[in-house]
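Below is one structure, written out as structure tokens; comments come after it.
Worth knowing before you read on, the calculation uses all heavy atoms, side chains too, and leaves out hydrogens, waters and symmetry mates. Quick note on labels: first sequence line is chain A, next is B, and so on, each numbered from 1. Note that this is a predicted model, so its numbers are computed, not measured.
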There are 2 protein chains.
Amino acid sequence: MTASRPPTTAEELRGAGLRVTAARVALLETVRAGDHLGVEAIASGVRDRVGHVSLQAVYEALHALTAAGLLRRIEPAGSPARFEGRVGDNHHHVICRSCGAVADVDCARGDAPCLTASDDHGFSIDEAEVIYWGVCPGCSTRRST
Amino acid sequence: MTASRPPTTAEELRGAGLRVTAARVALLETVRAGDHLGVEAIASGVRDRVGHVSLQAVYEALHALTAAGLLRRIEPAGSPARFEGRVGDNHHHVICRSCGAVADVDCARGDAPCLTASDDHGFSIDEAEVIYWGVCPGCSTRRST
DNA sequence: TCAAGAAAACGAATGGTTCTAATTTTGTGG
DNA sequence: CCACAAAATTAGAACCATTCGTTTTCTTGA
């Protein structure tokens, strides 16, 4: 009897070669429902769904899901890591210098590397990561008033 | 009598509104002579020039010189911070996924922000930071052999 | 030269992340 | 259905880069 609930998330995990645990399903759903969450926020979201989960387990699962390509890790300079569920579309990010808010920016090209370096110094480049730095609407109104 | 040696570095510091100390002069020269050095390497270079300097003093000076615009801080995801002396030309970086080597990539535009976001979400963007990820020549030959 | 204030030293702490080793759970083959 | 091996989870400690508070030293401008 395995037809009562839609096992989409679980199937994705299994399809990626990962074992299915309640914590991983909850984690994947939490990250997808959230908006560039940090580790602490993810842990809290996972606990809301499945009870107690250790922080280390969250780190481990984030590592595994990121390596499997189900999650993407972004790490703005000077901030702890954040995770997002949108993968595969090679999009970029705008980050607020004031509050650290992160928003997605679609990539015009879509495929990585979406930019070509003027001089690659012999490197074989596979990705161009773009971070736009600025001030978000909320912070700029707060500043000017 | 102040014409015996070229006081360029000291004048730059003073011009930026900073006090001139042996440690700061040595630090600025170390970073400029080096190639995207980390804090530990900078501290070691400063000590080679002026003797004992505490790590905290190095952090403090790096902070001050970065804020004054004499240095630029880059922080590749998953690595400690590195500093470079080339400022003002809004160039970008190629980073080796294997050994962490950093090389400069000139920006085609030169002025920041050199890219325009497809959708800025209302942010006022002042800089587009581009990091090209790949494998450096040394690491790719090492891998293939 | 002198006093004000900034910078450096010193010592310790903090936060995010990773490691180790032991235990539990999961998927699978008998 | 049961047992086994692989993988996941746990707890705890450790690690690293960075920061903080305080005292001492030094630069600077009057």
Side-chain angles (χ1 to χ4, degrees), chain A residues 1-2 7 9-28 30 36-44 46-47 49-68 70-71 73-83 100, chain B residues 2 7 9-28 30-31 36-47 49-68 70-71 73-83 100 102:
Chain A
M1 256 173 252
T2 57
T9 309
E11 283 185 346
E12 281 186 86
L13 287 167
R14 197 170 288 120
L18 297 168
R19 295 204 171 175
V20 180
T21 67
R24 293 189 166 182
V25 172
L27 187 142
L28 190 47
T30 299
H36 307 100
L37 300 176
V39 174
E40 207 55 66
I42 294 170
S44 142
V46 171
R47 289 183 189 123
R49 293 166 195 250
V50 296
H52 174 78
V53 174
S54 76
L55 192 57
Q56 294 90 319
V58 172
Y59 272 106
E60 216 288 319
L62 285 171
H63 231 132
L65 298 206
T66 303
L70 294 173
L71 294 181
R73 176 197 182 112
I74 62 177
E75 195 179 335
S79 304
R82 289 159 174 278
F83 292 82
Chain B
T2 56
T9 310
E11 283 185 348
E12 280 186 88
L13 286 167
R14 199 169 287 119
L18 295 170
R19 294 200 171 175
V20 179
T21 68
R24 289 186 170 183
V25 173
L27 186 144
L28 190 46
T30 299
V31 173
H36 307 99
L37 300 176
V39 174
E40 207 54 66
I42 293 170
S44 141
V46 171
R47 289 182 189 124
R49 293 165 196 251
V50 297
H52 174 79
V53 174
S54 77
L55 193 57
Q56 294 91 319
V58 172
Y59 272 105
E60 214 284 321
L62 285 171
H63 235 131
L65 299 206
T66 304
L70 295 173
L71 293 181
R73 174 196 182 111
I74 61 177
E75 193 180 336
S79 304
R82 289 159 175 276
F83 292 82
V102 180

Counterpart residues, salt bridge (charged side-chain N to carboxylate O under 4.0 Å, His left out), relative to A:Arg14 (two or more places apart):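 If we apply the salt bridge (charged side-chain N to carboxylate O under 4.0 Å, His left out) test to A:Arg14, skipping adjacent residues, there are no hits.
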
Can you name the residues that form a side chain to side chain contact (heavy atoms under 4.5 Å, CB included) with A:Ala77, not counting sequence neighbours?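 In terms of side chain to side chain contact (heavy atoms under 4.5 Å, CB included), with neighbours along the sequence ignored, A:Ala77 is linked to A:Trp133, B:Glu75.
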
Restricting to side chain to side chain contact (heavy atoms under 4.5 Å, CB included), what partner residues turn up for B:Arg49, sequence neighbours left out?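 Partners of B:Arg49 by the side chain to side chain contact (heavy atoms under 4.5 Å, CB included) criterion, ordered by chain and then number, come out as B:Ala26, B:Glu29, B:Thr30, B:Ala33.
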
Using a heavy-atom cut-off of 4.0 Å across all strands, would you classify A:Ala64 as base, sugar-phosphate, or nothing?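 No contact at all - A:Ala64 keeps every heavy atom at 4.0 Å or more from the nucleic acid.
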
Taking five pairs at each end of the helix from C:dT1-D:dA30 to C:dG30-D:dC1, what angle separates the two helix axes (nearest 10°)?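 Taking five pairs per end, the axes differ by 30°.
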
With heavy-atom distances below 4.5 Å as the criterion, would you say the side chains of [X] and [Y] are in contact?
X: A:Thr21; Y: A:Leu13; value: no
X: B:Leu55; Y: B:Glu40; value: yes
X: A:Leu27; Y: A:Leu71; value: yes
X: A:Leu70; Y: A:Leu18; value: yes

Range on DNA chain D touched by chain A - first to last nucleotide, heavy-atom distance under 4.0 Å: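 Listing 5' to 3', DNA chain D meets chain A from D:dA6 to D:dG12.
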
Measuring from atom CG of A:Leu28 to atom CD1 of A:Ile42, what distance do you get when rounded to the nearest 0.5 angstrom?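 Between A:Leu28 CG and A:Ile42 CD1, I get 10.5 Å after rounding to 0.5 Å.
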
Does A:Arg24 pair with A:Glu60 as a salt bridge, N-O distance under 4.0 Å?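 Result for this pair is yes, salt bridge flagged.
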
Grab the two heavy atoms, one from B:Phe83 and one from B:Leu62, that are nearest each other, plus how far apart they are.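 So the minimum-distance heavy-atom pair works out to CE1-CD1, 3.7 Å.
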
Sugar-phosphate or base contact per nucleotide [nucleotides 16-30 of chain C; S, B, -; heavy atom under 4.0 Å]: SBB-------BS---

